[in-house]
Structure formats: structure tokens, C-alpha cells
Amino acid sequence: RKEVEQDPGPFNVPEGATVAFNCTYSNSASQSFFWYRQDCRKEPKLLMSVYSSGNEDGRFTAQLNRASQYISLLIRDSKLSDSATYLCVVTGDSSYKLIFGSGTRLLVRP
Amino acid sequence: GAVVSQHPSRVICKSGTSVKIECRSLDFQATTMFWYRQFPKKSLMLMATSNEGSKATYEQGVEKDKFLINHASLTLSTLTVTSAHPEDSSFYICSARGGGTSGDNEQFFGPGTRLTVL
């Protein structure tokens with residue numbers, strides 16, 4: 001079983017749509033959780049950290065369910081510029097070791 | 001924000017040659033640098049963790065004699081792919097930890113180096 005699992009997509013949505021991505025992780029000892037965004041042939045960029053209480057940053061909302069080992073990302077009012085691959089990331093055995101999911105691809109069409 | 005650079009951004013080489021990739025933290029001192037590899041449509045996989053002045057810690061399955069890592073200063077780490085073969089063709093990305101506004105735990109990624117071995 002992969003340490004971090006994501007639906008690869010692609011999710012093809014119209015502008016303005018709301019889209020949700022899910023992710024599960026296998027290591028119950030993971031302490032920190034993140035969503036990164038990666039554009040084609042570029043490095044990943046931190047989108048937001050994910051906290052147990054849930055957190056929101058503009059159109060983006062992230063949720064963490066430790067009991068189910070499940071992380072989600074909700075994007076509201078999708079923009080064309082949101083088209084990218086979204087990577088679910090958790091820490092591994094140490095707080096600085098990042099474990100990446102293989103990403104969910106989002107395509108926002110006009 | 002913290003900036004990490006990588007050089008070269010792209011390299012094409014013949015099988016059997018060695019390739020050196022540099023990773024630099026431009027505006028902060030990186031206590032730890034990380035090297036990742038990403039194959040097409042796959043996740044980033046951590047290859048090794050490098051602390052300044054000490055030997056790198058390699059992940060399981062990564063050959064330390066093939067992927068030589070040097071971290072001689074707090075702003076520079078290098079990855080040398082020795083005797084490269086076509087199966088080493090990949091996107092190599094470094095990250096550096098330390099100096100971010102959100103604390104020392106945030107990792108800042110370089111733009112990556114695309115290696116193609118013919």
C-alpha cells in the first residue's frame with residue numbers, strides 16, 4: 001500500500017465550479033500535513049498546511065481527519081489558473097521527512 | 001520568501017558520463033538540504049537528506065556510490081550522478097530547510113533539473 005494515496009484524476013471542471021480532492025495516508029504517526037501545487041515540469045509549491053481544526057485560505061479549504069487518516073482540499077470558484085497537479089504531503093518518521101502523494105490533476109476549462 | 005536555485009535546469013548527457021547538479025539557498029542558511037527524484041506522472045521520492053558538514057543519509061534503495069552528495073556549506077549542496085544510464089533520466093529536485101518565515105520546518109524547493117541520459 002502506498003504511504004500517501006490520491007486519485008490521479010484528471011478532474012475536468014468548468015470555471016467557477018467547486019472541486020474537492022481527497023487523500024489518505026498510512027502512517028498514523030504522521031504529524032504534519034500539507035497540500036502542494038505542482039505545475040507541469042515545475043517544482044512543487046506549498047499551497048497550504050492542513051490542521052486538525054481545518055483551515056481556509058481564500059477559495060481553498062483544507063480538512064484533516066486523523067482518525068480516518070484522511071485529508072481533503074476544497075477549491076471554490078475555480079479559476080483557469082488553478083489548473084495544476086495537487087500533491088498531498090505528510091511527514092514521515094521524522095518531522096522534516098516529506099512523503100508525497102502522486103498528485104491529483106485538475107483541469108479548469110473556460 | 002526563501003529562494004532556492006538549481007543548476008543546471010536541464011542536462012542531456014551520454015550514457016556513462018557523470019553529471020553534477022548544484023542546489024543553492026540564495027537568501028538563507030540551509031541547515032538541511034534534501035534531494036528528490038520524480039519520474040513522469042509519479043510522486044516525488046526522497047533520495048537523501050544532507051546536513052552541512054556531515055555525510056548524507058540515503059533512503060532505502062538509493063545507491064550512495066551512484067548518487068554522491070556533498071554539502072560543504074550552509075548554502076550549497078551538490079548531487080553527482082555517476083556513470084549515468086538512461087534509467088537515471090528523471091527530474092531531480094532539491095529542497096532546503098531553515099530560514100522560512102513560518103519557521104525552520106518549511107522546505108523550499110529548487111526549480112528542478114531535468115536529466116536526460118542518451
Side-chain angles (χ1 to χ4, degrees), chain A residues 1-11 21-27 30-51 55 57 62 71 73 83-107, chain B residues 1-7 9-10 21 23-25 30-51 56-62 89-116:
Chain A
R1 182 187 171 187
K2 290 181 182 177
E3 291 186 85
V4 180
E5 296 217 47
Q6 294 182 251
D7 180 344
F11 285 61
F21 305 138
N22 303 318
C23 163
T24 57
Y25 61 96
S26 60
N27 187 349
S30 294
Q31 292 296 317
S32 299
F33 310 88
F34 311 91
W35 282 102
Y36 277 74
R37 170 194 169 128
Q38 186 175 28
D39 292 290
C40 187
R41 294 177 171 264
K42 300 287 186 182
E43 77 277 20
K45 293 186 188 292
L46 179 64
L47 182 64
M48 59 198 304
S49 300
V50 189
Y51 305 113
N55 49 302
D57 183 1
I71 305 163
L73 176 68
S83 296
T85 297
Y86 290 83
L87 307 173
C88 177
V89 183
V90 308
T91 51
D93 298 335
S94 62
S95 63
Y96 58 79
K97 183 176 175 179
L98 300 182
I99 311 295
F100 285 78
S102 54
T104 299
R105 192 166 169 220
L106 171 66
L107 300 173
Chain B
V3 179
V4 176
S5 70
Q6 267 184 255
H7 178 79
S9 58
R10 184 167 191 159
I21 303 170
C23 177
R24 292 180 186 274
S25 58
T31 52
T32 309
M33 287 184 167
F34 307 86
W35 287 96
Y36 296 83
R37 180 168 53 180
Q38 186 177 32
F39 292 107
K41 300 193 178 187
K42 300 291 185 184
S43 57
L44 274 77
M45 298 298 294
L46 180 65
M47 299 174 67
T49 302
S50 153
N51 291 296
T57 302
Y58 289 81
E59 295 300 303
Q60 192 172 16
V62 178
S89 299
S90 187
F91 191 43
Y92 291 85
I93 308 175
C94 73
S95 72
R97 172 173 168 258
T101 54
S102 60
D104 287 346
N105 283 328
E106 185 172 355
Q107 289 187 29
F108 299 92
F109 286 83
T113 296
R114 193 161 299 279
L115 171 64
T116 303

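Only heavy atoms go into these numbers, but all of them, side chains included; no hydrogens, no water, no symmetry mates. The chains referred to below are lettered A, B, ... by the order of the sequence lines, with proteins before strands, and numbering in each begins at 1.
Residues A/Lys97 and B/Glu59 have side chains in contact (heavy-atom distance under 4.5 Å, counting atoms from C-beta outward). B/Ser43 places none of its side-chain heavy atoms less than 4.5 Å from the side chain of A/Val4.
Heavy-atom contacts from other residues, nucleotides or ligands closer than 6.0 Å to OH of A/Tyr51 number 12 or fewer. With a 6.0 Å radius and a threshold of 12 heavy atoms from other residues, nucleotides or ligands, B/Met45 has its CE atom at or below the threshold.
With a threshold of 4.5 angstrom between heavy atoms, A/Leu98 approaches chain B through its backbone and through its side chain. For A/Gln6, no part lies near chain B; criterion is any non-hydrogen pair under 4.5 Å. Looking at A/Arg105, neither its backbone nor its side chain comes within 4.5 Å of chain B, counting heavy atoms on both sides. With a 4.5 angstrom heavy-atom cutoff, B/Phe109 touches chain A via backbone and side-chain atoms both. Only the side chain of B/Ile93 comes within contact range of chain A, judged by heavy atoms closer than 4.5 Å.
Here the closest non-hydrogen pair linking B/Phe91 and A/Lys42 is CE2-O, 3.6 Å.
No side-chain N or O of B/Gln6 forms a donor-acceptor pair with one of A/Glu43 less than 3.5 Å apart.
To the nearest 0.5 angstrom, A/Tyr36 atom OH is 6.0 Å from B/Gln107 atom CD.
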